[in-house]
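Beneath this line is the structure, given in structure tokens, with notes to follow.
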Amino acid sequence: MRVLVVGGGGREHALVHSFAQSPLADRIFCAPGNTGTAAEADNVPISADDLPTLLDFASREEVDLTVIGPEAPLVAGLTDLFEEHGLAVFGPNKEASQLEGSKVFAKEVMADGGVATGAYRRHERLESALLDVEGREDYPLVVKADGLAAGKGVLICKDKAEAREAVHACFVAREFGGAGDVLITEEYLTGSEVSLLVLCDGGTAVPLAPAQDYKRIFAGDQGPNTGGMGSYCPVPGFEQKAIDAAMEHVVDPVVAALRKRGVSYRGVLYAGLIVTDAGVKVLEFNVRFGDPETQAVLPRLDSDLLEHCAAAANGELGGSKVLWKPQDCVTVVLASAGYPASSHKGDVITGLDDAAALDGVTVYHAGTALQDGQVVTAGGRVLAVSALGDGFAAARERAYEAVGKIAFDGMQVRPDIAERAVKARAGELDLFPAGFAG
Ligand code: GLY
């Protein structure tokens with residue numbers, strides 16, 4: 001099979017790395033890829049947003065399956081374009097991708113399916129949004145730009161002043177461009193978050209093992225939000241019963257509600273769940289693999305990801321058996337100086353081979369580049385180091401041992417990734433509210 005992976009981050013390196021283990025893979029391309037994917041695939045210098053050039057390339061190279069990593073080309077309709085030209089794609093079409101591309105669309109589909117989520121109000125005008133935030137007392141309040149805003153469109157406002165600012169950022173300063181033409185104000189939910197990635201073929205939906213990620217830059221969940229500073233898989237306390245319930249009450253109704261609208265969902269559906277005192281609710285949907293969840297989920301997969309993706313693209317997931325290794329996985333992200341406000345480029349990275357040589361460790365590249373024969377930083381999130389271990393304590397120890405071998409100027413690492421998973425496994429901490437039937 002000739003495979004094209006679209007994207008160039010840590011998630012795409014993880015996909016390429018898994019595909020490279022598959023006996024089904026004859027040739028793997030990655031567009032545009034990164035320094036890590038270059039070692040396992042043929043990087044192609046085409047941006048993930050350049051739809052016509054991607055189509056020309058895939059047609060010319062007779063690509064059998066295209067797997068789309070990031071949300072932007074999905075929302076822009078890359079799947080539709082490829083399918084119109086007879087090319088098989090793992091990734092939802094433009095309409096299905098509105099689950100991530102429009103918060104309002106996602107809320108409406110959830111309402112159709114009777115799926116539990118935070119209460120919200122929709123606004124198209126400054127005046128109505130300001131009236132809303134002035135008139136309510138249920139702070140903190142979430143203000144979200146409706147469209148895709150490169151991960152920056154969700155603002156948690158602790159009081160009315162912050163909510164007014166968020167509304168102005170959207171409608172007056174236009175900080176999110178067209179993504180902020182509509183906003184929603186949403187009930188702030190508290191609880192423990194779980195990322196459930198589900199493979200879908202338009203009919204059958206098969207969950208992958210659940211994961212948790214760490215969004216804040218500093219230890220103890222302090223500081224600004226990032227794209228994700230680490231993750232672990234599976235999630236102690238969110239066991240098969242909880243996965244089955246999430247499929248029954250969240251994923252299946254959403255896929256069915258889409259189908260009623262004439263929309264078939266094929267690809268991975270990322271359900272961002274929160275377990276509250278009042279049960280499991282949906283925080284968000286993404287229409288792609290999570291980053292850095294993918295880097296913690298895939299090392300545990302004991303069956304062929306490429307076979308699963310091809311089966312999903314062809315509507316044949318029913319015959320695919322997804323298998324898991326018994327080990328736990330911990331992923332630690334290494335970020336560059338200044339992240340998340342900015343990123344520092346050109347800092348030389350050392351120790352990559354020593355880290356990767358450790359048993360059970362994989363080093364995934366994200367923001368790296370080759371400069372004069374050396375690997376240097378080239379983005380905010382630079383690397384993700386994943387380690388498998390017999391139990392979370394062993395996986396965590398190995399992950400940080402590997403991280404300790406890598407160095408670059410200004411390297412930022414959270415020291416507490418998966419600490420809570422270790423404690424939960426040891427019975428010292430409940431990740432979920434008492435009475436949650438995980
Ligand atoms: N880890 C969050 C995301 O991929 O959106």
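In listed order, ligands and their atoms are each counted from 1. Just so you know, these numbers come straight off a predicted model, no measurement behind them.
- Between the side chains of Gln295 and His13, no donor-acceptor pair is found at a separation under 3.5 Å.
- Counted by atom type alone, Glu293 and Ser195 present one or more donor-acceptor pairs between their side chains at under 3.5 Å.
- At a heavy-atom cutoff of 4.0 Å, ligand 1 is contacted by the side chain of Arg288 but not by its backbone.
- Proximity to Asp213 (heavy-atom distance under 4.0 Å) selects the following atoms of ligand 1: 1 (N), 2 (C).
- Side-chain polar atoms of Lys107 and Thr117 form a donor-acceptor pair below 3.5 angstrom.
- Taking the ring pair (Phe, Tyr, Trp, His ring centres under 6.0 Å) definition, one finds that Tyr265 meets it with nothing, sequence neighbours left out.
- The pair Glu186-Lys103 fails the salt-bridge criterion, with no side-chain N (NZ, NE, NH1 or NH2) lying under 4.0 Å from an Asp/Glu carboxylate O.
- For ligand 1, the polar-atom distance check against Glu293 finds a nitrogen or oxygen pair separated by under 3.5 Å.
- By the side-chain contact (heavy atoms from CB on, under 4.5 Å) test, Ala387 pairs with Val361, Arg398, Ala399, sequence neighbours left out.
- Between Glu284 and ligand 1, not a single N/O pair is under 3.5 Å apart.
- Contact annotation: Tyr270 has at least one heavy atom less than 4.0 Å from an atom of ligand 1.
- Set against the non-hydrogen atoms of Gly290, the atoms of ligand 1 under 4.0 Å away are 4 (O).
- Distances below 4.0 Å separate heavy atoms of Asn286 from the following atoms of ligand 1: 5 (O).
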